Every structure is written in structure tokens, then in C-alpha cells.
Amino acid sequence: MDCIFCKIVNGEIPSDKVYEDEFVLAFNDIQPAAPVHVLVIPKKHIESVVALTEEDDKLIAHIFKAIRVIAKEQGLENGFRLVSNVGADGGQSVKHLHFHILGKKQFTENFG
Ligand code: 5GP
Ligand code: ZN
């Protein structure tokens, strides 16, 4: 499959890994938008949040557990922004579910 993140999972494309377990991989974004910018992805190819099914309930819980571990490891006790872009209007450029952890930057209440 022609998916950049699947290629990162199988090692075809190198990445700067910060966390890995059986189901989840996390690596630094190639174009960081904040001093900490980690992408957290399931190893399984799922297109986006809207492609999730009940079968993935455990996986989602697992991803959020990984996010908590990563946030702690990255020293984000003061908070961070968690983003998952969905589809065209959401500005999703890679069609493999991912969560952006953006930290060590003061965000405002505004989106834009
Ligand atoms: P999206 O816009 O789909 O929410 O986010 C995709 C993110 O993946 C972008 O922030 C982009 O910089 C990052 N990205 C795209 N290709 C690669 C890559 O090959 N390696 C890494 N580490 N990040 C990538
Ligand atoms: Zn994929």
C-alpha cells in the first residue's frame, strides 16, 4: 500500500522514533510545528478517526495510554495540544490515523 506511515511502521522509511509497542508507534514530525511535535499512530492502517469501528475500541484506549506515557516522557506536565486532522476540510495530508502531540509552546484558545 502506498501509505507513508505504513512504510514508517515497516521500516521502509526511517523515522525518529520516540515510543513503540505492539500496536502503536510514535515518532518526531519531520516538519515540527512546536519544540515537541510527536506523531502517534496505530501500526494498523486506519484512514482516520471516522474510519474507526467497534473492533478498534481497545486500540484507541491503547493509543491514549501511549499518549499519556509519551507526554510524561517528553516533559509535558504543563500541558500540550492534541490534534487529529480528519479529511479534506480537516487538512489531513497523510491518510493514516495519527495524533499530533504539540508541546513546549504556549497555545491560545483560538484555532485557525
Ligand atoms: P496531517 O496534515 O495529515 O495531520 O499531518 C501529517 C504530518 O506528517 C505533517 O505534520 C507532516 O509534517 C508529517 N510527515 C509527513 N511525511 C512524514 C515523514 O515521512 N516522516 C515524518 N516523521 N513526518 C512526516
Ligand atoms: Zn497506512
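Read the numbers this way: they start at 1 and go in the same order the structure lists the ligands and their atoms. Since the structure is predicted, the reported quantities are computational estimates derived from the model, not experimental observations.
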Item to complete: Taking Q74 for its side chain and L76 for its backbone only, find out whether a donor-acceptor pair lies under 3.5 Å.
Response: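 No.
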Item to complete: For K105 and L102, indicate whether the former's side chain and the latter's backbone hold a donor-acceptor pair under 3.5 Å.
Response: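 Checking the backbone N and O of L102 against the side chain of K105, no donor-acceptor pair under 3.5 Å is found.
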Practice prompt. Can you list, by chain and residue number, the protein N, O or S atoms under 2.8 Å from the Zn ion (ligand 2)?
Written response: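 Sorted hits: C3 SG, C6 SG, H45 ND1, H96 ND1.
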Give every pair made of an N or O atom of ligand 1 and a protein N or O atom lying under 3.5 Å apart, one pair per line with both atom names and the distance to 0.1 Å, or write 'none'.
unit_1   : atom_1 : unit_2 : atom_2 : d
ligand 1 : 2 (O)  : G91    : O      : 3.3
ligand 1 : 2 (O)  : S93    : N      : 3.4
ligand 1 : 2 (O)  : S93    : OG     : 2.9
ligand 1 : 3 (O)  : S93    : N      : 2.7
ligand 1 : 3 (O)  : S93    : OG     : 3.1
ligand 1 : 3 (O)  : V94    : N      : 2.9
ligand 1 : 3 (O)  : H98    : NE2    : 3.0
ligand 1 : 4 (O)  : N85    : ND2    : 2.8
ligand 1 : 4 (O)  : H98    : NE2    : 2.8
ligand 1 : 4 (O)  : H100   : NE2    : 2.9
ligand 1 : 5 (O)  : H98    : NE2    : 3.0
ligand 1 : 5 (O)  : H100   : NE2    : 3.3
ligand 1 : 10 (O) : D29    : OD1    : 3.2
ligand 1 : 10 (O) : D29    : OD2    : 2.5
ligand 1 : 12 (O) : D29    : OD1    : 2.5
ligand 1 : 22 (N) : N28    : O      : 2.9
ligand 1 : 22 (N) : I30    : N      : 3.4
ligand 1 : 23 (N) : I30    : N      : 3.3

Discussion item. What I want to find out is whether K72 reaches E77 closely enough, with some N-O distance under 4.0 Å, to be called a salt bridge.
Written reply: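 Here K72 does not pair with E77 in a salt bridge, since their nearest N and O are not under 4.0 Å apart.
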Discussion item. Which residues pass the side chain to side chain donor-acceptor pair (under 3.5 Å) test with E12, not counting sequence neighbours?
Written reply: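 Partners of E12 under the side chain to side chain donor-acceptor pair (under 3.5 Å) test: N10.
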Worksheet item: Would N85 and H98 count as having a side-chain donor-acceptor pair, cut-off 3.5 Å?
Response: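 Per modelled atom types, N85 and H98 side chains form no pair under 3.5 Å.
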Discussion item. Which residues pass the salt bridge (charged side-chain N to carboxylate O under 4.0 Å, His left out) test with K44, not counting sequence neighbours?
Written reply: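 Per chain and number, K44 pairs via salt bridge (charged side-chain N to carboxylate O under 4.0 Å, His left out) with D56.
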Fill in: Transitive ILVMFWY side-chain link I8 to F23, under 4.5 Å
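Different clusters.
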Worksheet entry | Steps toward side-chain contact (heavy atoms from CB on, under 4.5 Å) verdict (I4, H96) | CA-CA 8 Å; I4 294 173; H96 181 129; over 6 Å; no
Worksheet item: Checking side-chain contact (heavy atoms from CB on, under 4.5 Å) against F80, which of V36, I101, V38 comes through?
Response: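 Result: among V36, I101, V38, I101 is the only option passing the side-chain contact (heavy atoms from CB on, under 4.5 Å) with F80.
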